[in-house]
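Take a look at the structure set out below.
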Number of protein chains: 2
Amino acid sequence: MTASPDHSSPSEQTRRALIDAAITLFGEASYHGTSTRSIALRAGTNVASISYHFGGKEALRIACAEAIAERVGKVLGSGEVAPPSSPEQAAALLEKTIRNFVHFILLEQEGANFVPFMMRELIEEGPALDLIYQTTFEPRHRAFCGLWEIATGSPAESDATRIAVFSLIGQVLYFRIGQSLVKKRMEWERFDDSRVALIARGTIANLRAMIAAAREAHHD
Amino acid sequence: MTASPDHSSPSEQTRRALIDAAITLFGEASYHGTSTRSIALRAGTNVASISYHFGGKEALRIACAEAIAERVGKVLGSGEVAPPSSPEQAAALLEKTIRNFVHFILLEQEGANFVPFMMRELIEEGPALDLIYQTTFEPRHRAFCGLWEIATGSPAESDATRIAVFSLIGQVLYFRIGQSLVKKRMEWERFDDSRVALIARGTIANLRAMIAAAREAHHD
DNA sequence: AGATTTCAATCAAACGATTGATTAAGTTTA
DNA sequence: TAAACTTAATCAATCGTTTGATTGAAATCT
C-alpha cells in the first residue's frame, strides 16, 4: 500500500503496519471476528505492540479510521476547486466524480481495503463513525449538493437535493457492498476494467436521467 | 414479532425465540460480536438449548437465514401475479414495489430486524449468503428485470437492465445501511412516516427519471 | 573519547475473563 | 413411565491485556 520506501522511524513503521493490517482484517472479518494476535501476525510484530502503540484494540480501531480519513482527504482533496459557472460544467464534474468513485471502490487496491472497513463501521455505528462522518462523508456530500444545485437549479441544502445525492452515493456503494450478489447475478467471476466501465456507464446514465428530471421539475 | 399467541409446541417456541433473538443480535453486533449466552438470555432460555435445537452457533446462523427467507417469501410472495400488459402498468407496479420496499426496510419492525442481519451476511460473504441469494434475492431481482423490460422496452436479461435494477435496489438499501449518516445529514432524530415518505418520493422520482431515459435510449 | 546510564521499543510468556460446546441431572410433556 | 426438553455445572480453547526481560541506540558523565 505504501509506495514510498520508508522515510519514517522504525516505530512509525510498526504503527503503520498495524493500522494497515487492522484495516484489512477488520474489513474482512469484522472487528470482533479479528483477534489482536492475527493483526500482529499480519503486521509482522508482537501482540503487545498494539497496547504499547495505541493503548488497546479499540484505540487501534479509532486510529484506523483516522488514517483512512487522512488518506482519503489527501487523495480527494478537502474542498472543490473553483466552482463551475455553468450547469453543463457542473454536470460534467458530477459525472467525473461518480466515475472516479466507482473506479476507486471497485478497482483500486486502497479502496478495496478502505471501503469494507468503513462499511462495517457504518453498519455497526461503531465508535469511529462520527470521525468518518465529519471528516470524510459530510464535506463531500455537501460539495456534491452544491454541484447539484448548479447543475439542476434545485437548492443545495433542500431535502430533495440531499436525498438525491444520497441516492447517487447509495447506488454506487451497493455495487461494492453487494459485490458477491452482483457477480452471481451478472455471471461474472471478477470485476475487471470492462465490467467496472459497464457499471460506471450505468450509474452515470442514472445521474443524467436524474439531472434531467430535476431540471424539468425545477422549471415548473 | 410473532403476532399469533402460540399454537406451537413449547419446543417450537424456544426455537422461534432463539432465532428471533439471534437475528436481532447478529444484526446489531455481528456474528462474532454476539455470544451464545446473550442469545439464550434474550430468548429466555439456556445456552445449551442452542446446541440442542440447532447443533451449534453456526447452525443457528443458517437457521436464521432460512427463517428470514421463509418469512420474506411469505410477505412478498414468491412470484409476481399476472404480468402487466402495458408499460404504464409495469411502471406503476415498479413504483409500488419500491414504495413497499422503502416502507419495509425503514419503518416496519420486521424489516428493521431482517435487513441488518442480511447486510452482515452479505458483507461478510457468510455461509448463509447462497441461501439468501437463491431464495430471496435472485427471484425478486429477476422479476424486477422483467417489469423493467415491459416498462422500458430494454431486454430483461441485458447487462444494462440488470445493472439498472441493482442501482434501484442499492439506492433504497443505502438509506437503511447508511441510516445514521442520513439522519445526521438531514438533521433528523428518527425515521417517521413523513420522513420515510420523503425518501420514497425521492427514490420513485429517480425510478421515473430512469425509466424515461431508458425508454428514450431504447427508441433510438 | 570511553564508560555508563537512560529510554523507547519489542518480545515471549502468562494473566484472568469469556468464548462455544458438552455433560449429566433435573423437569415437563404426552 | 418414556420421550422430549431444559437446566446448572464444567470443559478446553481463545480472547485482550499485562508482565518482566532484552535489545540497541541516543544521552550523560568521568
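Chain letters run A, B, ... following the sequence lines, proteins first and then strands; every chain starts at 1. Every value quoted in this text rests on a predicted model; they were computed, and no experiment measured them.
The nearest whole Å value for the distance from the CZ atom in A:Arg15 to the C1' atom in C:dA8 is 14 Å. Taking atom CG of residue A:Asn46 and atom C1' of nucleotide D:dG16, one finds them 13 Å apart after rounding to whole Å. As a whole-Å value, the separation of A:Ile50 CD1 from C:dC11 P is 12 Å. Remark: C1' of C:dA21 and CG of B:Leu18 are 15 Å apart, rounded to the nearest angstrom.
At D:dT17, none of the side-chain N or O atoms of A:Thr36 fall inside 4.0 Å of OP1 or OP2 (strictly under the cut-off). An OP1 or OP2 oxygen of D:dT6 is reached within less than 4.0 angstrom by a side-chain nitrogen or oxygen of B:Thr14. Distances shorter than 4.0 Å separate some side-chain N or O of A:His53 from OP1 or OP2 on C:dT10. For the OP1/OP2 pair of C:dT10 and a distance below 4.0 Å, the side-chain nitrogens and oxygens of A:Ser49 include no atom meeting the criterion. An OP1 or OP2 oxygen of D:dT7 is reached within less than 4.0 angstrom by a side-chain nitrogen or oxygen of B:Thr45.
Taking a 6.0 Å sphere around NZ of B:Lys96, one finds it holds 12 or fewer heavy atoms contributed by other residues, nucleotides or ligands.
Aromatic pair B:His141/B:Phe166: centroids less than 6.0 angstrom apart.
Looking at A:Ser49 and A:Thr45, their side chains do bring a donor and an acceptor atom within 3.5 Å of each other.
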